[in-house]
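I have placed the structure first, in the form of structure tokens, so that the comments after it can refer back to it.
Sequence positions, counted from 1, serve as the residue numbers for this chain. Keep in mind that this is a model prediction, so the values were computed, not measured.
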Amino acid sequence: MKNIFCNTLSLKALIAASARSVCVILVLLTVSIPFDVYGQEHDSIIGRPYKSFDTSAFCAYSTFHPSQYLTDNNWDILCAFVEPGTTGKLDSLGIQYNRSQLRLLEVGDLLSSDKGVYKTLMPIFGKAETRTIRLQSKAFADSIFPVIKPEISQLISAFDKAGYSKQTFSLVFSYLLDTYIWDDERLPVAKSFENHGTWSGAYWAMYYPRDHVKIGTNGFGTVYQNWTDELGYWMSSGKLFSFAKEVGRTNGKRIENKEVIDAVKGWGLADENGKILIPVMRVGGKDDIDLLCKSITTRLSEAVKSYCRTWSKSHGIYSEKLSQIIFYHEVMWDLLDIMESKGMISIPPILKGEEVGKEHFGDICFIVIREDKQ
């Protein structure tokens with residue numbers, strides 16, 4: 001059974017991964033209720049449309065992504081029950097609902113009920129709390145960056161030396177900060193996190209989106225893809241899985257399956273002879289790149305874990321793993337901003353939606369071979 005990993009929600013990524021997700025997302029975006037319909041105070045999340053939030057999904061799923069439970073006006077129901085209440089609360093707010101909607105949200109593990117009292121399980125942060133969290137994450141990033149900067153500079157040089165200059169941005173963001181660090185030894189991986197029936201991991205929302213373009217990472221077996229919503233070139237998940245399977249079979253060396261070679265032809269992943277054209281990262285390989293990645297992420301994860309011991313309680317998050325996931329995802333953006341502002345990395349044209357040609361798709365992809373697990 002195919003298992004797609006995504007650390008943040010991308011509409012286009014979901015469309016590429018599952019055709020049946022298309023109608024779900026489109027319905028969601030067209031039925032959002034305008035703000036202040038319910039006459040709530042300015043900081044309230046009730047009445048704010050889903051698309052106005054910065055929504056993140058750090059999850060693995062085999063059938064339904066957590067966002068696919070948000071059909072009709074289910075988002076408004078979740079916002080209403082951030083503070084527990086009975087269905088009478090929905091009636092008083094003028095939020096229409098039926099029992100099947102509530103049951104669907106329970107099946108998706110986004111809502112719980114106890115003796116008629118409903119409580120939203122998905123963390124949803126309002127404007128004031130989001131502002132506070134981001135001030136905290138920026139302060140944390142500002143303090144940890146001088147500690148890890150020397151090794152990050154060495155890592156960027158190592159990428160260049162290995163011939164990976166085109167993929168430097170994706171390797172620093174998607175591989176180092178958004179893949180390598182998630183291994184349970186450092187920070188928890190989605191698959192080892194709480195199971196929610198059709199998905200495992202974490203799904204949360206913050207009001208309001210950051211100014212930075214939304215960036216994420218999707219994993220297809222051994223192959224990982226850096227993405228933005230502005231990305232104009234999306235390869236089908238089926239072709240990526242086939243390519244990943246062949247790469248796994250050859251352990252990251254030249255592939256020989258002609259059908260796979262033809263399927264990925266022109267996408268910058270492999271040449272006509274099966275030679276791999278994208279970086280092959282070997283976790284546990286003990287080369288310079290791996291040793292630097294291990295050292296940087298160890299320092300970073302230890303600092304996050306220490307900080308979250310008190311941070312989680314101050315924001316009502318009583319799961320240690322969940323607090324680390326949410327807080328680190330904010331820190332990750334702040335670290336990216338710091339490195340971009342210092343000119344250490346820059347986002348490639350393809351991620352900005354520029355018409356550079358699908359052959360540059362390889363500029364945002366890499367392969368991960370876990371030699372530490374063999």
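Within a 6.0 Å radius of CG in Asp271, other residues, nucleotides and ligands contribute more than 12 heavy atoms. Heavy atoms of other residues, nucleotides or ligands lying less than 6.0 angstrom from CZ of Arg210 number more than 12.
Checking Gln101 against Asn74 by side-chain atom types alone, a donor-acceptor pair falls below 3.5 Å. For the residue pair Tyr97/Asp76, the side-chain donor-acceptor check at 3.5 Å is not satisfied.
Side-chain contact between Tyr118 and Leu105 is absent, with no heavy-atom pair separated by less than 4.5 Å.
One distance of note links OG1 of Thr120 with CG of Leu110; it measures 8.5 Å at 0.5 Å rounding. Note that NE2 of His360 and CD of Gln167 are 11.0 Å apart. Values are rounded to the nearest 0.5 Å.
A donor-acceptor pair under 3.5 Å is formed between the side chain of Thr132 and the backbone N or O of Ala128.
Residues Lys305 and Glu320 are not paired through a salt bridge, judged by the lack of any N-O separation under 4.0 Å between the basic side chain and the carboxylate. We find that Glu83 and Lys89 are not joined by a salt bridge, their nearest charged nitrogen and carboxylate oxygen being 4.0 Å or further apart.
Checked against the 6.0 Å centroid criterion, the rings of Trp267 and Phe243 do not qualify as a close aromatic pair. In this structure, the ring of Tyr164 has its center no less than 6.0 angstrom from the ring center of Phe366. Between Trp182 and Phe193, the gap from one ring centroid to the other reaches at least 6.0 Å.
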Stepwise ring pair (Phe, Tyr, Trp, His ring centres under 6.0 Å) test for Trp333 and Phe173: CA-CA 9 Å; Trp333 290 110; Phe173 175 76; 5.7 Å; yes
